[in-house]
Number of protein chains: 2
Amino acid sequence: MMSISERITALRLLMKKYKIDAYIVPSTDPHQSEYVPDLWQRRKWISGFTGSAGDVIVMKDQAGLWTDSRYFLQAEGQLRDSGIDLYKIGVAGVPTMLDFLKNTLKKGQTVAIDPRLQTHQQAEQWKAELTDHGLKLNYPDDNLIDRIWKDQPGLPDSPIMVWEDKYAGESVESKLKRIREKMEAEGVDVHVLSTLDAIAWTFNIRSWDVEYNPLVISYAIITQDDAELCVSKKKINRKVKKALKGLVKFYDYDAFRKRLLKNVSRKSRVWLDAATVNEWVVQLLQKRCLLFYKQSPVTLFKARKNETELAGFKACHVRDGVAMVKFLYWLEEAVPKGGVTELSAAEKLREFRSKDKLFQGLSFGTISAYNEHGAIVHYESTPESDVELKSPGIYLIDSGGQYLDGTTDITRTIALGEPTAEQKDRFTRILKGHIDLSMCRFPRGTQGIQLDTIARKPLWDIGLNYGHGTGHGVGAFLGVHEGPQGISYYRGIGVPLEIGMVCSNEPGFYKTGEYGMRIETLIHVVADERQSTTDFEFYKFETITLCPVDTRLVDKSLLNDEEIEYFNTYHQHVYDELSKHFKGKELEWLKQATRPI
Amino acid sequence: MMSISERITALRLLMKKYKIDAYIVPSTDPHQSEYVPDLWQRRKWISGFTGSAGDVIVMKDQAGLWTDSRYFLQAEGQLRDSGIDLYKIGVAGVPTMLDFLKNTLKKGQTVAIDPRLQTHQQAEQWKAELTDHGLKLNYPDDNLIDRIWKDQPGLPDSPIMVWEDKYAGESVESKLKRIREKMEAEGVDVHVLSTLDAIAWTFNIRSWDVEYNPLVISYAIITQDDAELCVSKKKINRKVKKALKGLVKFYDYDAFRKRLLKNVSRKSRVWLDAATVNEWVVQLLQKRCLLFYKQSPVTLFKARKNETELAGFKACHVRDGVAMVKFLYWLEEAVPKGGVTELSAAEKLREFRSKDKLFQGLSFGTISAYNEHGAIVHYESTPESDVELKSPGIYLIDSGGQYLDGTTDITRTIALGEPTAEQKDRFTRILKGHIDLSMCRFPRGTQGIQLDTIARKPLWDIGLNYGHGTGHGVGAFLGVHEGPQGISYYRGIGVPLEIGMVCSNEPGFYKTGEYGMRIETLIHVVADERQSTTDFEFYKFETITLCPVDTRLVDKSLLNDEEIEYFNTYHQHVYDELSKHFKGKELEWLKQATRPI
């Protein structure tokens with residue numbers, strides 16, 4: 001196997017041949033996936049750095065990795081002796097990649113990147129900024145890493161499964177009809193889908209090409225008469241062929257280029273989503289047809305869950321709640337006996353979930369974090385960091401499952417032994433914000449950024465805050481992080497919350513070196529008939545997640561009467577929905593855990 | 001005088017000559033001013049419509065005016081028999097101007113607009129959308145209205161006054177130094193200023209070229225060595241020449257084109273603000289030098305008031321508060337006697353304000369609105385609409401003054417006679433939101449859109465809302481509406497609130513056909529030392545405006561203890577600051593008006 005420095009040397013040789021002064025190796029893939037399949041983990045291959053986010057620049061006599069605070073420690077370790085410098089994103093004085101290129105390269109020098117690994121929007125920004133500084137930006141069709149990576153894996157070949165209408169609630173025929181109506185309204189002939197969750201939604205297909213997200217690596221081309229799916233032939237089976245017969249034509253993943261060009265002519269207007277489509281597609285098309293840039297209609301279709309999808313969400317949350325209650329009961333019994341660690345607890349929870357027949361896997365890597373580990377927002381326990389859970393202490397578990405009928409994402413914070421007054425104060429403020437957001441009513445047109453504050457305010461009132469958004473969208477047996485909406489100061493800006501959208505509600509508090517706390521449930525937007533007036537139509541949230549919140553961490557004096565009533569009603573609801581699945585000591589535990597405060 | 005239809009006929013003749021199929025006549029001017037001087041009121045001249053916002057499209061055989069809901073009634077009246085159709089912006093099914101052009105014109109036809117009347121940002125959007133639909137967009141250098149408008153006024157020639165350092169708190173030299181530092185950091189050679197408040201701020205000059213805003217119609221060109229001001233020669237006097245000697249060179253307004261070209265070469269990098277600079281400037285420069293687009297550094301410099309400016313704000317608010325208290329006392333005495341109308345009350349308030357030596361004029365057209373008129377958010381009383389104020393009723397007065405040391409903007413709502421329980425409920429909810437926003441603490445980096453919700457929540461809780469932002473920025477003896485920040489769901493998105501920024505805090509409630517209510521004070525951002533932690537630096541607001549809020553409209557049971565304490569402390573503060581300016585019955589009235597609830 002080549003060492004990292006041998007790989008970089010090989011890349012530099014190739015760069016010389018291609019007349020490239022700086023080659024960019026991003027962590028992403030052609031579909032802007034959150035989880036990248038092995039064959040496209042080129043940044044990991046060239047640098048040895050295994051974090052989920054981080055881009056590399058290789059130049060003739062230096063190289064750098066840009067990553068964010070989650071990965072500073074890990075990157076420092078993994079880059080040692082690699083010859084790659086670490087650039088810490090967000091740290092004062094550290095240049096962005098673009099600024100680095102502008103400051104380091106001389107006028108006339110050439111930056112290059114695989115056009116599949118930049119969205120058109122990013123590419124436009126890079127072109128403008130680099131050109132403005134007298135630099136050239138090239139998009140070689142060859143990926144240089146692929147040319148030197150000898151044992152690069154192939155495309156994943158896990159079979160495609162048909163997501164049945166009883167879960168999807170809408171046939172592929174109906175979905176294509178709605179997409180085509182939007183295409184007609186915009187006067188476009190062709191719509192290209194390149195994001196994998198949009199394709200999975202449109203064709204009611206799922207597969208396990210990447211971890212956690214049941215996606216099918218593919219491109220889709222939709223016209224008024226046809227729909228073509230370009231996907232590895234190994235993945236196609238009789239069932240999916242039958243389900244999509246007459247609706248979809250299958251082509252190989254590598255045939256996408258050819259099919260795309262076949263489907264357009266000089267006069268075609270082609271709809272691309274500039275925020276997600278990669279620059280390679282744009283460059284293929286731009287001189288061959290008219291391009292029309294707008295968010296894909298699928299994005300909002302997919303975000304607004306239909307009644308069947310919402311019923312599935314609710315159903316899988318009952319079963320997920322049962323697994324969570326079994327886990328929490330087990331935890332309370334097991335911790336005092338000793339030997340329970342972050343990793344073993346996470347595995348136990350996975351076991352409880354996996355007993356469900358519709359369970360397909362986890363929806364993301366479980367965050368099982370004891371005390372100071374809980375203050376690391378994206379902590380993922382490893383055999384090296386794993387610790388035993390002991391009393392007293394604070395334990396945070398953020399986890400979720402993929403079920404055939406929906407996706408879950410839940411965080412609970414557990415007091416092991418007696419919490420301190422400060423811990424109770426902080427937890428109750430999170431709970432207060434969490435409840436206030438759950439209870440709020442808002443006029444149609446309101447964006448998540450307008451509601452994010454409601455969850456933060458109890459912490460702000462005493463000069464505290466949390467450094468992440470309050471909520472993200474969630475897919476229906478799709479990505480646990482799904483746009484376009486969010487309840488956040490940085491995600492989903494400009495996107496009004498609409499009926500049927502599912503979001504997380506997860507305020508937290510993190511005390512570095514001591515503990516972290518978070519309460520997360522999923523909520524969905526419904527009409528608020530009672531509140532709507534002639535001038536303003538009102539919406540509200542309904543909570544989907546069913547699991548007790550640890551009342552031992554609650555300081556009741558910080559809650560007002562409305563909040564206490566809401567909290568007690570929620571716990572009664574949890575008991576009512578889950579109790580029939582328990583008996584004996586577990587039932588007794590659930591009863592205790594959900595009794596009114 | 002030509003009739004409207006004669007004017008349109010003349011325009012159509014000219015359009016034919018210029019080969020234009022659709023000519024756009026926007027309401028704006030080359031500087032994107034909120035108030036447009038007479039010579040640039042071309043849209044009013046061509047259409048007869050006098051509202052502040054509304055754009056016209058003239059085509060061969062049809063013409064249309066696009067305006068918003070504030071002006072629907074007025075436009076219907078003023079457009080009657082003009083041959084111009086009214087397009088109501090925001091009404092379902094009514095196309096936008098761009099959609100109208102795309103739907104109505106045939107491929108290959110030509111849209112034209114004076115390039116001075118579109119910002120570069122707008123122009124980019126128009127070019128992209130029209131070109132995408134096979135239409136042409138032309139920017140003729142001639143303004144077609146100017147060519148047919150015989151008695152068009154000339155440029156205003158009110159003298160420039162020097163805004164003294166004792167008010168400005170920073171010399172022109174220092175301001176230019178800071179601008180040049182930013183220019184150097186961005187590697188630019190020339191910065192063009194075209195927004196009038198940016199120029200007035202930079203050069204510490206004021207004038208009365210337009211109503212309400214003390215602006216100087218001009219362009220400025222700043223280089224590392226020079227600053228050039230292009231302004232009507234009639235406006236220049238000895239005083240301003242002396243004050244700016246060695247700092248600024250004066251040229252005529254019409255010499256701007258020539259001076260601009262003189263200041264750039266092929267190698268120059270010129271800094272333009274794409275959101276404000278007009279397309280004419282861009283077209284002049286784009287093939288002659290390198291263009292660098294970014295918000296002007298002046299925007300944030302100007303928004304963050306220095307200590308002298310804040311002291312001026314506070315000082316003028318004492319005097320403005322005195323005028324307001326005199327007015328409110330007078331109102332209470334005068335209304336029962338009869339004969340007080342919306343217009344006479346507004347005039348009375350202007351008189352009280354004008355007694356101050358530093359008073360320069362109103363900062364905007366007073367909204368003096370009785371009962372149902374108060375529900376029309378931008379109501380401005382006219383002799384035709386004027387009504388007498390009578391008990392019982394609700395009176396809303398939104399007004400402000402320009403003083404040499406600052407700008408004011410205040411709204412108070414007065415109960416004439418006994419208010420209803422509903423009125424008290426609605427008013428108290430506004431007050432509650434107003435207080436909650438005033439009291440809130442927020443981490444550095446927070447945008448106004450994140451705080452806007454705090455003021456709305458008490459209304460949202462019962463399914464009500466108001467259809468405007470909660471707050472706008474305010475200039476220091478400049479525009480009463482000043483960017484970039486806002487406390488709003490649509491204004492100031494992406495702009496963090498910073499120390500020294502002044503905003504209004506003005507939640508309201510409007511019941512169509514019955515009454516309108518609003519409470520408005522100005523607030524400014526300060527550090528919150530007590531709340532700041534190592535992880536997050538906290539900010540809070542301080543209230544500047546000094547004037548009682550009508551306690552007869554308050555239902556104390558809707559406020560919590562903290563809100564009541566805040567309210568009583570505010571009233572005590574108003575009394576402490578203003579009482580020394582009153583005696584006898586007025587003092588007694590102030591004492592009563594500010595006593596604790």
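In what follows, chains carry the letters A, B, and so on, assigned in the order in which the sequence lines appear, proteins first and then strands, with residues in each chain numbered from 1. Heavy atoms only: backbone and side chains are in, while hydrogens, waters and symmetry mates are out.
From B:Tyr293, atom OH reaches atom CG of A:Asp132 across 10.0 Å, with rounding to the nearest 0.5 Å. A distance of 7.5 Å separates NE2 in B:His133 from CZ in A:Phe292, rounded to the nearest 0.5 Å. Separation of atoms CH2 (B:Trp460) and CD1 (A:Ile454) is listed at 6.0 Å; rounding is to 0.5 Å.
Enclosure of atom NZ in B:Lys182 is not indicated, since only 12 or fewer non-hydrogen atoms of other residues, nucleotides or ligands lie within 6.0 angstrom. When the shell of 6.0 Å around CZ of B:Arg444 is examined, it contains 12 or fewer heavy atoms from other residues, nucleotides or ligands. The 12-atom threshold is exceeded at CD of A:Glu181, counting heavy atoms of other residues, nucleotides or ligands nearer than 6.0 Å. Counting heavy-atom neighbours within 6.0 Å of B:Lys136 NZ, excluding the residue itself, gives a total of 12 or less. B:Glu514 CD: more than 12 foreign heavy atoms inside a 6.0 Å radius. The number of heavy-atom neighbours closer than 6.0 Å to CD of B:Glu422, taken from other residues, nucleotides and ligands shown, is above 12. Enclosure of atom CD in A:Glu562 is not indicated, since only 12 or fewer non-hydrogen atoms of other residues, nucleotides or ligands lie within 6.0 angstrom. Annotation for B:Asn103: atom CG counts as buried by contact number, over 12 foreign heavy atoms lying within 6.0 Å.
Neither the backbone nor the side chain of A:Glu537 comes within contact range of chain B; no heavy atom of the residue lies under 4.5 Å from a heavy atom of that chain. Only the side chain of A:Phe538 comes within contact range of chain B, with heavy atoms under 4.5 Å apart. For B:Lys457, the part lying near chain A is the side chain, with the backbone staying farther off; criterion is any non-hydrogen pair under 4.5 Å. Residue A:Arg530 does not touch chain B at all, counting heavy-atom pairs closer than 4.5 Å. Interface remark: B:Tyr466 contributes backbone atoms only to the contact with chain A (heavy atom separation under 4.5 Å). Only the backbone of A:Leu291 comes within contact range of chain B, with at least one heavy atom under 4.5 Å from a heavy atom of that chain.
For the options A:Leu464, A:Asn560, A:Thr446, A:Leu451, heavy-atom pairs under 4.5 Å to chain B are most numerous at A:Leu464.
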Let's go through A:Asp461 and B:Arg441 carefully: what are the C-alpha distance in whole Å and the side-chain angles of both, what is the deciding distance for side chain to side chain contact (heavy atoms under 4.5 Å, CB included) to 0.1 Å, and is it a yes or a no? CA-CA 6 Å; A:Asp461 286 346; B:Arg441 284 105 201 279; 5.5 Å; no
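Among B:Ile449, B:Asp452, B:Ile493, B:Thr453, the one residue that satisfies the side chain to side chain contact (heavy atoms under 4.5 Å, CB included) test with A:Ile449 is B:Ile449.
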